[in-house]
2 protein chains.
Amino acid sequence: MRSDSRLSRMLHALIHMDRLAGAATSEVLADMLSTNAVVVRRTMAGLRDQGLVRSEKGHGGGWALARPLDQISLLDIYQALGEPQLFAIGPSTDNPTCLVEQAVNAELGAALATVRGQLLDHFAKVSLGDLARQFDEKLKQGGHLPPHLQGMQRLDGL
Amino acid sequence: MRSDSRLSRMLHALIHMDRLAGAATSEVLADMLSTNAVVVRRTMAGLRDQGLVRSEKGHGGGWALARPLDQISLLDIYQALGEPQLFAIGPSTDNPTCLVEQAVNAELGAALATVRGQLLDHFAKVSLGDLARQFDEKLKQGGHLPPHLQGMQRLDGL
DNA sequence: TATCATGTAACTTATGAAGATTCATGAAAG
DNA sequence: CTTTCATGAATCTTCATAAGTTACATGATA
């Protein structure tokens, strides 16, 4: 099973959007993410519904942040995406009659629930602003600009 | 993405095997797990290669534990299965040139690596014997026997 | 009114576990 | 020695879902 990259992609996209002067079209974001504009709209729709980003049609339209990066946590994004399945492993039957299987499901389910809680707690504590600052660090330490940032305005932090 | 149930199924199967008098054929195990005998052989192959179970051909053949349940941890099984992918989420690109994406991958990767470590630590501490005892508890507390255990010998713990 | 951009439906592709079929191999029973 | 039973393994199909694609409607701006 190929892994779900929606969370990763939205983090990537939103940080870029913060760096851009105006609204970013789905097409531009799709290029940044090496994907398709429809995939961008589809994925971004959840964030819009949760008030994290805004979209505008027509000339000069596109996507823009609805709040500062520091006021958006990784958990906000994860939840806006509909809390996609975290684990690739799971029980074979959800409500087994076999007591052995019930014991297995209980143990495994509890273990997964615990680490899920830990991960989401962490997501709640990390903001997109934190990630953006980590990017700025990388840049200072001799990183080169990616193609889609070269010759761009409002590259704050440089 | 449908989740990978191999770990769950192997835990289930091995506890049953401990309860059975002789060797269990792939067919019998497949019935217990509501699956196919070939799936059982395919999944069990890794456990055999790691010396957790033994298989015998011919009359009276089948699968048997190679060690006591208390000497098999959940981590042993997970590793014998080839350490299947734990998470359903992940990066969209493995080695991105974009520094923003690198920062996102670093943060997300570190968070996932941390909880993975916590989960595997837990798996190392839980043995199949522990799970079997939890099953025995359920049984004492008014549980009924699953169809494939009714009328069976060597139901230790009853 | 022409252009640009989102919104959305519908379809195809890619991936990997799971399921199923088939035959070879080897062990035990008769 | 032959039959039966079981694993071993190759090969194919099925299934679920994110991702990718195509097409068109809707609305905003120049």
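In the text below, chain A, chain B and the rest are named by the order of the sequence lines, each starting its count at 1. Values reported hereafter were calculated over all heavy atoms of this structure, with side chains retained and with hydrogens, waters and symmetry mates removed. For clarity, every value in this text was computed on a predicted model and none was experimentally measured.
Atom C1' of nucleotide D/dG20 and atom CZ of A/R6 are separated by 14 Å, given to the nearest angstrom. With rounding to whole Å, A/Q85 atom CD is found 14 Å from C/dA17 atom P. Counting to the nearest Å, the P atom of D/dT7 and the CH2 atom of B/W63 are 7 Å from each other. Note: CG (B/L29) to P (D/dG8) measures 12 Å, nearest angstrom. B/D31 has its CG atom 13 Å from the P atom of C/dG19, to the nearest Å. Residue B/N36 contributes atom CG, which lies 13 Å from atom C1' of C/dA17 at whole-angstrom precision.
By the 6.0 Å contact criterion, CD on B/Q118 is enclosed, its count of non-hydrogen atoms from other residues, nucleotides or ligands being greater than 12. A/D121 CG: more than 12 foreign heavy atoms inside a 6.0 Å radius. Within 6.0 Å of atom CZ in A/R67, more than 12 heavy atoms from other residues, nucleotides or ligands are found, so the atom counts as buried in its surroundings. The environment of CD in B/E27 is sparse: at most 12 heavy-atom neighbours from other residues, nucleotides or ligands sit within 6.0 Å.
Scanning both residues, A/R41 and A/W63, for their nearest heavy atoms gives CA-CZ2, 4.0 Å. B/P84 approaches B/Y78 most closely through the heavy-atom pair O-OH, 2.5 Å.
Put simply, B/S5 has a side-chain N or O that comes within less than 4.0 Å of OP1 or OP2 on C/dA18. Applying the 4.0 Å criterion to OP1 and OP2 of C/dG19, one finds that B/T35 has a side-chain N or O inside that range. Checking the phosphate oxygens (OP1, OP2) of C/dT6, a side-chain nitrogen or oxygen of A/S26 falls inside 4.0 Å.
In the set C/dT6, C/dA20, D/dG8, D/dG8 carries the atom at the smallest distance from any side-chain atom of B/S55.
Taking every heavy atom of residues 39-54 of chain A and every atom of DNA chain C, pairs under 4.0 Å involve A/R41, A/R42, A/R48, by number.
Remark: B/Q79 engages no residue in a side-chain hydrogen bond (donor to acceptor under 3.5 Å, both in side chains) (not counting sequence neighbours).
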Report each atom pair, protein N/O against N/O of nucleotides 27-29 of chain D, whose distance is under 3.5 angstrom.
unit_1 : atom_1 : unit_2 : atom_2 : d
D/dG27 : O4'    : A/K57  : NZ     : 3.2
D/dG27 : N2     : A/G58  : N      : 3.2

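Counting only N and O atoms by type, the side chains of A/H122 and B/E107 include a donor and acceptor under 3.5 Å apart.
B/S26 pairs in a side chain to side chain contact (heavy atoms under 4.5 Å, CB included) with only one of the listed residues (B/V38, B/N36, B/V40, B/V39), which is B/V40.
For the pair B/A37 and A/R9, nearest-nucleotide mapping onto DNA chain D gives the more 5' position to B/A37.
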